[in-house]
Structure formats: C-alpha cells, structure tokens
Amino acid sequence: MRFTDFTPFDLVLLAQGLGVNVALFLGTSLLGLVIGIGWAIVRYYHVPVLSELIAFVSELLKNSPVLVQLFLVFFGLPGLLHIRVTPVTAAAITLSANTAAFTYVIAVSAIESIGRDQIEAARVFGLSRWQVLRHVVLPQAAAFAVGPLVALLVNQLQVTSLISVIGVVDLTKIGNILNMRTLKPFIVWTAVGLLYYLASKLVAWLGSRFEKRLRAHSAWRGL
C-alpha cells in the first residue's frame with residue numbers, strides 16, 4: 001500500500017466523524033430550543049430585569065462569530081475561572097447558547113405576530129395569562145416559527161464543522177487527517193462536503209414534513 005492510498009476503514013472514520021457532529025447537533029439543538037423558548041416566555045411575561053438581561057445576552061451571541069465564542073469558552077473560561085473545559089464541553093456550551101439566542105429571536109417574533117385582539121378576547125373570556133399562552137399564542141406561534149427554526153437547525157448543523165479547531169475529532173477533523181495522509185484534498189473534501197450536504201438535506205426534509213403536518217393540524221383546528 002502506498003502512502004497516499006485510501007482504505008475501506010477511511011469510510012468508517014468519516015462515518016464516526018459525522019456521528020460526532022450529529023450527536024452534538026441533536027443535543028445542543030434540543031437544549032438550545034428549550035432555553036430559547038424559555039427566554040421568549042420570560043419576554044412574554046415581561047419579567048423585570050431578567051427580560052432585559054436575556055435580550056442583551058441574545059444580542060451578544062447572535063451578533064458575534066461562533067468561532068470567537070468557541071475560543072472564549074475553551075480558552076477564556078479556564079483562564080478566568082480556573083476550571084477545566086474539555087473540547088466537547090466547550091462545543092456543547094457554545095452551540096447550545098448560540099442556538100438559544102437565535103431561537104429566542106424567532107420565538108419572540110412568532111409570539112408578537114399573534115394579533116392583540118385574539119389575546120384580549122381570550123382574557124375577556126376569563127383565560128389566565130398561562131392559558132392564553134398555552135391555548136392561543138403557542139399553537140399559532142409554533143406554526144409561524146417552524147419554518148425559520150428548520151432553517152436555523154440546518155445552519156447549526158453546518159456550524160458544527162467549526163468545532164474541529166478546538167480539537168474535537170469530528171467529520172472536518174477526520175477530513176483534515178485524511179487529507180494530510182493521502183494528499184488528495186479534492187477527493188477528501190468533496191466526500192466531507194457531500195456528507196454535510198446529505199445530513200443537512202435530511203434535517204431540512206424532516207423539518208419540512210413536520211411543518212406541513214403542523215400547519216395542517218393548525219388549519220383543522222381553525223387557527
């Protein structure tokens with residue numbers, strides 16, 4: 001075997017690398033969605049101080065490069081707080097926070113798209129603020145927000161390619177290793193790009209199916 005030859009095991013390595021990206025994507029997306037929606041609910045209830053603090057943190061996160069955020073968490077936190085942060089932990093914290101910031105913006109826009117007349121009518125009929133949120137606001141806001149959220153998740157899956165710079169052995173890192181070993185960058189990066197593309201298309205397809213079902217359900221309920 002020559003130094004530049006590919007081996008069947010390289011496919012296993014690429015699959016393992018993609019698995020790392022997908023695992024981090026799923027975990028951080030779920031956590032980020034929960035946190036972002038929670039932030040939006042705090043904004044809905046106009047909690048003093050906390051609402052302003054959340055808006056400020058969201059602005060910082062969504063208007064700064066993810067790579068800089070990764071470096072701050074991985075290199076900055078250990079030096080500032082004298083704690084040990086592993087590459088995977090740094091990636092999880094950064095991606096979750098970044099997803100939460102954009103989810104917050106989408107959720108707030110979706111909630112604010114609901115007409116005030118519907119909310120006031122629900123309050124007239126005796127519904128509490130929580131009942132209005134649960135039965136009137138959230139169902140309609142979900143139908144409005146699912147499209148932008150799917151686009152956000154596709155983008156966040158692609159953003160996971162940045163985590164290799166702090167030492168996480170993901171698909172991009174595996175691609176870099178294979179590139180240095182085989183000296184065939186066109187083949188290696190075409191394969192890596194194709195895997196990211198297929199994973200992103202799968203997320204977009206699943207999101208599209210969910211959006212159609214949600215909108216059909218909302219239309220059936222007369223929302």
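Everything numeric here is computed off the predicted structure, so don't read it as measured data.
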Pairwise distance CG(L31) to CG(L95) - rounded to 0.5 angstrom: 10.5 Å
Side-chain donor/acceptor of S96 to backbone N/O of A92, under 3.5 Å: yes
Distance, nearest 0.5 Å, that separates OG1 of T172 from CG of N21: 6.0 Å
Hydrophobic cluster identity match, L50 and I111, side-chain contacts under 4.5 Å: yes
Residues which pass ring pair (Phe, Tyr, Trp, His ring centres under 6.0 Å) with F75, listed by chain and number, not counting sequence neighbours: F71
Could you tabulate the donor-acceptor pairs under 3.5 Å formed by side-chain atoms of residues 143-157, not counting sequence neighbours?
unit_1 : atom_1 : unit_2 : atom_2 : d
Q156   : NE2    : N98    : OD1    : 3.3
Q156   : NE2    : T99    : OG1    : 2.9

Same apolar cluster: V105 and Y45, side chain cutoff 4.5 Å: yes
Test item: S200 and Q158 side chains (from C-beta on) under 4.5 Å apart, heavy atoms: yes
Qualifying residues under salt bridge (charged side-chain N to carboxylate O under 4.0 Å, His left out), relative to E52, sequence neighbours excluded: none
CD-OH distance between E59 and Y104, expressed to the nearest 0.5 angstrom: 8.5 Å
Heavy-atom pair with the smallest gap, counting every atom of L70 and A90: CD2-O, 4.1 Å
Closest approach of F25 to T160 (non-hydrogen atoms, all atoms of both residues): CB-CG2, 4.3 Å
Criterion side chain to side chain contact (heavy atoms under 4.5 Å, CB included) on L178 and L14, from CA distance to verdict: CA-CA 9 Å; L178 293 180; L14 290 172; 3.9 Å; yes
4.5 Å side-chain heavy-atom contact, V168 and I166: yes
Check against side chain to side chain contact (heavy atoms under 4.5 Å, CB included), L13 and D10: CA-CA 5 Å; L13 292 176; D10 293 339; 4.0 Å; yes
Any donor-acceptor pair under 3.5 Å from S51 side chain to V47 backbone: yes
L53 side, atom CG; W39 side, atom CH2 - distance, nearest 0.5 Å: 9.0 Å
Within one Ile-Leu-Val-Met-Phe-Trp-Tyr cluster: L80 and L72, side-chain cutoff 4.5 Å: no
Hydrophobic cluster membership, I106 vs I54, 4.5 Å side-chain cutoff: no
Approximate separation, where rounding is to 0.5 Å, of T94 OG1 and L24 CG: 10.5 Å
Linked, directly or transitively: L195 and F9 (ILVMFWY side chains, under 4.5 Å): yes
Sequence neighbours excluded - ring-ring contact (aromatic ring centres under 6.0 Å, His included) pairs with any residue from residues 175-201: none
Steps toward side chain to side chain contact (heavy atoms under 4.5 Å, CB included) verdict (L171, S161): CA-CA 7 Å; L171 179 58; S161 62; over 6 Å; no
Residues in side-chain contact (heavy atoms from CB on, under 4.5 Å) contact with F56, at least two apart in sequence or another chain: L60
Residue pair F102 / L61, side-chain heavy-atom distance below 4.5 Å: no
CZ-CD1 distance between R43 and I41, expressed to the nearest 0.5 angstrom: 13.5 Å
Min side-chain heavy-atom separation S58-K62 under 4.5 Å: yes
Beyond-backbone contact of V88 with I163, side-chain heavy atoms, under 4.5 angstrom: no
Side chain to side chain contact (heavy atoms under 4.5 Å, CB included) between N176 and R181, intermediate numbers included: CA-CA 9 Å; N176 191 41; R181 199 196 77 206; over 6 Å; no
Residue K201 excluded, over 12 heavy atoms near NZ under 6.0 Å: no
Close side-chain approach of V20 to V169, heavy-atom, < 4.5 Å: no
Counterpart residues, side-chain hydrogen bond (donor to acceptor under 3.5 Å, both in side chains), relative to S109 (two or more places apart): none
